There are 2 protein chains.
Amino acid sequence: MFGNVTTAADYEQMLRGADLRVTRPRVAVLGAVHGLPHADTDAIIGAVRAEEGDVSHQAVYDVLRALTAVGLVRRIQPSGSVARYEARVGDNHHHVVCRTCGAIADVDCAVGEVPCLTAADDHGFVIDEAEVIYWGSCPDCSTARP
Amino acid sequence: MFGNVTTAADYEQMLRGADLRVTRPRVAVLGAVHGLPHADTDAIIGAVRAEEGDVSHQAVYDVLRALTAVGLVRRIQPSGSVARYEARVGDNHHHVVCRTCGAIADVDCAVGEVPCLTAADDHGFVIDEAEVIYWGSCPDCSTARP
DNA sequence: CGATAAACTTGACTCATTCAAGAAAGCGAG
DNA sequence: CTCGCTTTCTTGAATGAGTCAAGTTTATCG
């Protein structure tokens, strides 16, 4: 986490490691998600075009789906929000979402590595993930309206 | 919970208690949400029309928003799903969602009344609710594809 | 260097949800 | 009981994130 400058070459590595072909849109999307945590698709499209020129929105949708499928990015979508993406994967962290402005921040769960994963009564479901969303007000919004 | 038959009169009471005008669409929507837990808007529209005849979809959307605002129903919307509603409110329960068929079931959190409400680092957010979604396979889907 | 399957472009389309303007109806005051 | 104000409902159009589909380009392997 210190002095960790991720380059296009690193993104290529990640893609190859996931058996995905290396294309300019994919490298650019992966870079955008790393650079803009919790960005929505529109913001990612903007970032990708700023770096690579014209890339179709469909390509970005396809790439995001492919990256999500192999686990290189994670898709999150709090109620009332469009889909957002982040590059921090595999570390079981959760999110705080501001009810007012929609801002999102990462939080590590207080209860350990795999929080609440054992439900009291799972109704026969086979559970593989527990997703936690904390709802509240971000610092800006809670001071603006105390 | 035993022999508890909720009638239109009860729904009226709930509406008045929440300072909402009592209208036929509102009583019908409240009844539909009580009768069809986790139903989406379309299913609720269907149930309302079966009981009350023509009711515009807009009216149902408006009613659901009003009921949600006063806390008579709760809106849930797992990633990739349309909005769903339930009448069980105020008891801090959570949900298991089937990744395959989208089925939803209620679960009480294993960690007590207000699970995980204290995040390790809340980034200055004022947290008022923790929403937990357990992802997995429902009994039908997990036996169909073991 | 091809061949071939995967990825991208273009453009149309879906559909849950919202917006807007006018008609209807609940409900408190008189 | 009914008047009038305000909320709620109806009708119909619009929005917008996301998907579908057909055809072209391109990454990768032999």
Side-chain angles (χ1 to χ4, degrees), chain A residues 8-9 11-30 32-33 38-49 51-70 72-73 75-85 102, chain B residues 8-9 11-30 32-33 38-49 51-70 72-73 75-85 102:
Chain A
Y11 297 135
E12 280 195 37
Q13 286 294 327
M14 296 181 198
L15 291 169
R16 291 189 202 285
D19 276 311
L20 290 178
R21 290 188 181 177
V22 176
T23 67
R24 292 163 69 67
R26 282 181 174 172
V27 173
V29 167
L30 200 44
V33 175
H38 313 134
D40 60 23
T41 310
D42 230 49
I44 293 167
I45 291 174
V48 166
R49 288 185 177 157
E51 186 179 317
E52 286 294 330
D54 285 342
V55 175
S56 67
H57 72 132
Q58 186 59 54
V60 175
Y61 275 100
D62 287 348
V63 169
L64 286 170
R65 171 150 2 132
L67 296 180
T68 303
V70 300
L72 281 179
V73 308
R75 175 189 168 123
I76 56 180
Q77 188 175 22
S79 288
S81 167
V82 298
R84 293 165 176 275
Y85 296 87
Chain B
Y11 298 135
E12 281 195 35
Q13 286 293 328
M14 296 182 197
L15 290 169
R16 292 190 200 284
D19 276 310
L20 290 178
R21 289 188 181 175
V22 176
T23 67
R24 292 164 71 67
R26 282 181 175 171
V27 173
V29 167
L30 200 45
V33 175
H38 312 134
D40 60 23
T41 309
D42 229 49
I44 293 168
I45 291 174
V48 166
R49 288 186 177 157
E51 186 179 316
E52 285 294 330
D54 285 341
V55 175
S56 68
H57 71 130
Q58 186 61 53
V60 175
Y61 275 99
D62 288 348
V63 170
L64 286 171
R65 170 150 2 134
L67 296 180
T68 303
V70 300
L72 281 178
V73 307
R75 175 188 169 125
I76 56 181
Q77 187 175 23
S79 289
S81 168
V82 298
R84 292 164 176 276
Y85 297 87

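On a predicted model such as this, the values are computed, not experimentally measured, just so you know. To find a chain, count down the sequence lines: A is the first, B the second, and so on, and within it residues start at 1.
We find the NE2-CG distance between A:His57 and A:Asp62 to be 9.5 Å, quoted to the nearest 0.5 Å.
Closest non-hydrogen pair, B:Arg26 versus B:Arg21, comes out as NH1-O, 3.0 Å.
Atom P of nucleotide D:dT26 and atom CG of A:Leu15 are separated by 18 Å, given to the nearest angstrom. Rounded to whole angstrom, the span from the CD atom of B:Glu52 across to the C1' atom of D:dC9 amounts to 13 Å. The distance between atom CG of B:Leu30 and atom C1' of D:dT8, rounded to the nearest whole Å, is 16 Å.
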_Per-nucleotide protein contact string for nucleotides 5-17 of chain C, where B marks a base within reach and S marks sugar-phosphate only (heavy atoms under 4.0 Å, - for neither)_ = BBSSBBB----SB
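When each of B:Ile76, B:Leu67, B:Val33, B:Val29 is paired with B:Tyr85, the side-chain contact (heavy atoms from CB on, under 4.5 Å) condition holds for B:Val33 and for no other.
With sequence neighbours left out, A:Arg84 forms a side-chain hydrogen bond (donor to acceptor under 3.5 Å, both in side chains) with A:Ser81. Judged as a side-chain hydrogen bond (donor to acceptor under 3.5 Å, both in side chains), and not counting sequence neighbours, B:Arg65 has no contacts.
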